Amino acid sequence: MSATPQKTRKWTTEESINLYGIDRWGAEYFSVDEHGDIVISPNGTEEGPRVSLPKIVKGMLDRGMNMPVLLRIENILGSQIKALHETFAKAIKELNYNGSYKGVFPIKVNQQEQVVEAITQFGRKFDHGLEAGSKTELIAAISILQNRNACLICNGYKDAEFIDLGLYATKMGLQCFFVIEIPGELDLILERAAIIGVQPKLGLRIKLAARAEGKWAESGGDSSVFGLNMSQIIHIVDRLKNENKLDCLRLLHHHLGSQISNIRDIRVGVMEASRIYEELVQEGAPMGHLDLGGGLAVDYDGSRTNEPSSRNYTLGEYCNDIVETIATVLDKSNTPHPTIITESGRATVACYSILLFNVLDVSSYTPLPIPKKLPETSNDLLENLLYAYNMVTPEDIQECYNDTFFYRDQARQLFEHGQISLRERAIAEDLFRHILIKIAKTAAKSEHVPREIQKIHDLLSDVYYGNFSVFQSLPDVWAINQLFPVSPIHRLD
Ligand SMILES: Cc1ncc(COP(=O)(O)O)c(C=O)c1O
């Protein structure tokens, strides 16, 4: 007797794209080609090069390198910076905004030397600068950033050494801004500036009443650790006036938090900051720069919603809303439009690095076949499980599901009390899996599936063993406790 060949339908690359959500999280950079391989378009466009990831892996293996590998696609950094600047430039032109846009990269988001270097290199054309939140970051920024038109934003706690470094950077011609986060910093900056003989550019970090929802909500709002409240701002303005130094005040800064998923939160924050900016201009400060911090979110899950792992806006909407909000607030008092600064971190780097690792082994969920004859036992556990298996029908699906878990737990208890053997427990657990598989198949053909059973595939998953260490190979440190796309890179057809 010959076996009847099973008719199988051909799996398509479109189905893989859909299954792994590649078109949703992959932005314009990742897709699947006709061979079922993941391909990267580093320019983020249909035109330009497309590189197959499996071919890159083959090239690495041929050269004697082993997985896991952290692959950095530096051109993606360039494409992201270009997109940010071009989209702001378009909004500025379309909305007749009279100021310009300057971006900075916050080094804390990815401190790798090659990343910061690549960003400054790609960003040179756009005068893209750097943000330093600590002394070491400032040293790195001064040594890398040679563009005199780019901004160097100094946030974070500043001691005398930090301030001296920034003042020397100013002397060298860099556009260095000291953003005052706590009132006490002002005295030290003025004192060191007088000693070194430099006119410092000062900024104020404000504590907005506005808050953004999400994991970083604490970065904004009244109770945020960072920034100055309104009376502290007035106090600093008065101090600067008394010292005849108000002309040093050039920038207003706020940071509502990272990964702001709702565009409304961004708008509300920009509106409040614009009003404070307007008042500072009316107090006589030259100002000229409004720094909106980070927050531009990444759509990790591709849902385009205001869920924490997504965003409910496009880059175009982000730029338009910011430009329009600032202009609307300031035009009422004919306040000149400032240079807009943003400190986009995750949105710049999220797509550019990939952790590649090989799968060492698979632990399959598939159970051994049901024995033709069940072993004789002192109880009817195995018979009950077999009965439940034979009884799976669309009508009784929930009852079978409940029974099978009951018997599985009973098998464990009987084993603990020495009433069934290891072999019998193994048969019971295989029968349990057979029942779940049959329930899943039955559910797939049913119209109304109970909620609990909709999640049955999580229980039926195979376990893949990947050769990598999360701690050593994290491609993006901001990925901790966040959704992170995972996909095979070949055989997607
Ligand atoms: C002051 C400041 N600017 C910018 C960023 C970067 O934010 P994002 O990665 O959301 O762009 C951060 C990160 O927390 C920050 O604290």
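Ligands are counted one by one from 1 in listed order, and the atoms in each one are counted from 1 as well. These numbers come from a predicted model, not from an experiment.
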Residue-ligand contact A347/ligand 1, heavy atom below 4.0 Å: no
N/O donor-acceptor pair under 3.5 Å between K102 side chain and S100 backbone: no
Where on P106 is there a heavy atom closer than 4.0 Å to ligand 1, on the side chain, on the backbone, on both, or on neither? side chain
Please determine whether a side-chain nitrogen of the Lys or Arg among R275 and E279 lies less than 4.0 Å from a carboxylate oxygen of the Asp or Glu. yes
Look at R205 together with D291 and state whether they make a salt bridge at an N to O cut-off of under 4.0 Å. no
Any idea how F88 and Y318 line up, ring-wise: parallel (<30°), tilted (30 to 60°), or perpendicular (>60°)? perpendicular
For ligand 1, which atoms have a heavy atom of G345 less than 4.0 angstrom away? 8 (P), 9 (O), 11 (O)
May I ask you to check if ligand 1 and H253 share an N or O to N or O distance below 3.5 Å? no
Return yes or no for this condition: an N or O of G295 is under 3.5 Å from an N or O of ligand 1. yes
Enclosure of N244 CG (heavy-atom neighbours >12, cutoff 6.0 Å): no
Provide the number and element of each atom of ligand 1 under 4.0 Å from a heavy atom of Q259. 10 (O)
Per-residue contact class, R346 against ligand 1 - non-hydrogen pairs under 4.0 Å: both
Nearest heavy-atom pair of F105 and S344: which atoms, and what distance? CD1-O, 3.8 Å
Are the aromatic rings of H85 and Y101 close, with centres under 6.0 Å apart? yes
With heavy atoms of K108 as the reference, note each atom of ligand 1 found under 4.0 Å away. 1 (C), 2 (C), 12 (C), 15 (C), 16 (O)
In ligand 1, which numbered atoms sit nearer than 4.0 Å to a non-hydrogen atom of S344? 11 (O)
Using a 3.5 Å cut-off on N or O atoms only, is E343 in polar contact with ligand 1? yes
